[in-house]
2 protein chains.
Amino acid sequence: MAQTDTVTRILDTAEVLFAERGFAETSLRTITSKAKVNLAAVNYHFGSKKALIQAVFARYLDPFTERFHATLDTLEREYDGRPIPLEVLLENMARTVLEVPAERNSLKVFMRLLGLAYTQAQGHLRGYIQQHYGSVFTRFTELVRRATPELPDAERFWRLHFMLGTVIFTLSGLDALRDIAEKDYGEHVSVRDLIRRLRPVVVAGMNAPLPEPPRAVAV
Amino acid sequence: MAQTDTVTRILDTAEVLFAERGFAETSLRTITSKAKVNLAAVNYHFGSKKALIQAVFARYLDPFTERFHATLDTLEREYDGRPIPLEVLLENMARTVLEVPAERNSLKVFMRLLGLAYTQAQGHLRGYIQQHYGSVFTRFTELVRRATPELPDAERFWRLHFMLGTVIFTLSGLDALRDIAEKDYGEHVSVRDLIRRLRPVVVAGMNAPLPEPPRAVAV
DNA sequence: CAACGTTTCAAACAGCCGTTTATCAGCAGG
DNA sequence: CCTGCTGATAAACGGCTGTTTGAAACGTTG
């Protein structure tokens, strides 16, 4: 039991520190001292710092993908071949995203990590995530395709990433934004509040009119 | 003239490397060796690595804020007190963003840097940017407020940041996304192309219907 | 009890980091 | 001519990095 204790204590500490400062800016010494664990424990249990970073992600993404697949299974059974409306798809994804970290730690940490995975160099991480969790994303986008048949494929691809940017950027920079909002509007904003505000914006963005075709290329 | 040459050579090299790898992951030795400059030159001309980072941003943001203020002056004169439509505001901001880096380097670098400023730890940078360039942002948001009088202040605040996230996230992760898009749809995407696609999405997001009020708080 | 594999621990490793120092070249004005 | 100043340069500074080592402590199994 002692080694499990050490492993989880390292993971718990590491995910918070990574989320706060990024990967390169968080040293193993900072992690191990704050976790009250010997420095060598990380290399003993995980092998390397890279492997620790991946393990931190796996602890969030494994249960997420499992639940999300199950959710999509239920939806597909329920709609029985008919396309699932975009709002329903987004609603269920949001619910799954909210459920998973609630059991462990704050949603904020999860979102910060996702944002870092995109923006920090860490090439190994992008590869790892794509390799391990690409399938659930592919499945989701295929369902979105059936929900928005009027959109050209390329347009939908870009709009999905626009919306991904909206969500990840907002939730990962949440602390800073929340401070400003609280100061300017005296209003405390919870994550659930933010998701409530995000939904109509995302739906409207996906359903926006098509852009005018590039000039000087008209037939 | 020799020292100017050294300074600009450092800045040119640093901005590219920062954009590629982030701040912490880019060492002064990497910068100076690639720029063919002595290691001590950075500390001599800029004082510290932090100051170099700020100088890299200033070289983009100074001309941007100047031009954007001028653009807003023209618009305000043209509309003479009447609110400037949201589309016009966005259109002009996009044009200014496109103009400035075109004279120096790629827009991609500029956008990557903006994204990093938000997501990398670097507390000093956020403070520096807010202090030096907050005024133009405040002016812009005030014009947006007049363009969208029906939006509650808090809602507009959040939607502006949603859209900021969309743009910065997309353009800063552009290389990776472009690779995927090119592979999947065989279609090469220029930055101008992307901005053309972004516009209707951003407008629709800002004009989305208001979210339903939080449950169980109804009067 | 003894031998075992597993986990912890302190110490050391080589390497890179940002910054500082001291020396030297080139050029200006007295 | 020489004194001062600006900038370039090589070398060194202390400190922090991820990783490895070998020995000690542990609990389990024979």
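Letters A, B, ... are given to chains in the order of the sequence lines, protein chains preceding strands, and every chain is numbered from 1. Nothing here was measured: the structure is a model prediction, and the numbers come from that model.
Across all strands, T26(A) comes closer than 4.0 Å only to sugar-phosphate atoms, never to a base (heavy-atom distances).
The distance between atom NZ of K36(A) and atom P of dA10(C), rounded to the nearest whole Å, is 15 Å. One can place CZ of R21(A) at 13 Å from P of dC16(D), the figure rounded to the nearest angstrom. In this structure, F46(A) places its CZ atom 13 Å from P of dT19(D), rounding to the nearest Å. Rounding to whole angstrom units, CD1 of residue I31(B) and P of dT19(C) are separated by 11 Å. Rounding to whole angstrom units, CG of residue L17(B) and P of dC17(C) are separated by 12 Å. Between the NZ atom of K50(A) and the P atom of dT17(D) there is a distance of 18 Å, rounded to whole Å. Between the CG atom of L28(A) and the P atom of dC13(C) there is a distance of 20 Å, rounded to whole Å. Rounding to whole angstrom units, NZ of residue K49(A) and P of dC16(D) are separated by 15 Å.
Counting heavy atoms from C-beta outward, L160(B) and M206(B) have side chains that approach closer than 4.5 Å. R29(A) has its side chain within reach of L39(A): a pair of non-hydrogen atoms, C-beta onward, lies under 4.5 Å apart.
For S27(A) and dC16(D), the shortest distance from a side-chain N or O to OP1 or OP2 is not below 4.0 Å. At the phosphate of dA8(D), OP1 or OP2 sits under 4.0 Å from a side-chain N or O atom of T6(B). For the OP1/OP2 pair of dT6(C) and a distance below 4.0 Å, the side-chain nitrogens and oxygens of H45(A) include no atom meeting the criterion. Contact annotation: S48(B) does not reach the phosphate of dG18(C) (side-chain N/O to OP1 or OP2, under 4.0 Å).
Checking side-chain atoms of T30(A) against main-chain N and O of T26(A) turns up no donor-acceptor pair under 3.5 Å. No side-chain donor-acceptor contact under 3.5 Å links R67(B) to the backbone of V100(B).
Here the options are F57(A), F110(A), F23(A), the test is ring pair (Phe, Tyr, Trp, His ring centres under 6.0 Å), and the partner is F18(A); only F23(A) passes.
Looking at the side chain of N38(A), the nearest of the listed nucleotides dT8(C), dC17(C), dG18(D) is dT8(C). Among dT8(C), dG18(C), dA12(C), the nucleotide with an atom closest to any side-chain atom of R29(A) is dA12(C).
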Which atoms of nucleotides 20-28 of chain D (N or O only) lie under 3.5 Å from a protein N or O atom, and what are those distances?
none

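Residues H124(A) and Y128(A) place their aromatic rings such that the two centres sit no closer than 6.0 Å.
In this structure, E142(A) does not pair ionically with R139(A), as no charged nitrogen and carboxylate oxygen lie closer than 4.0 Å.
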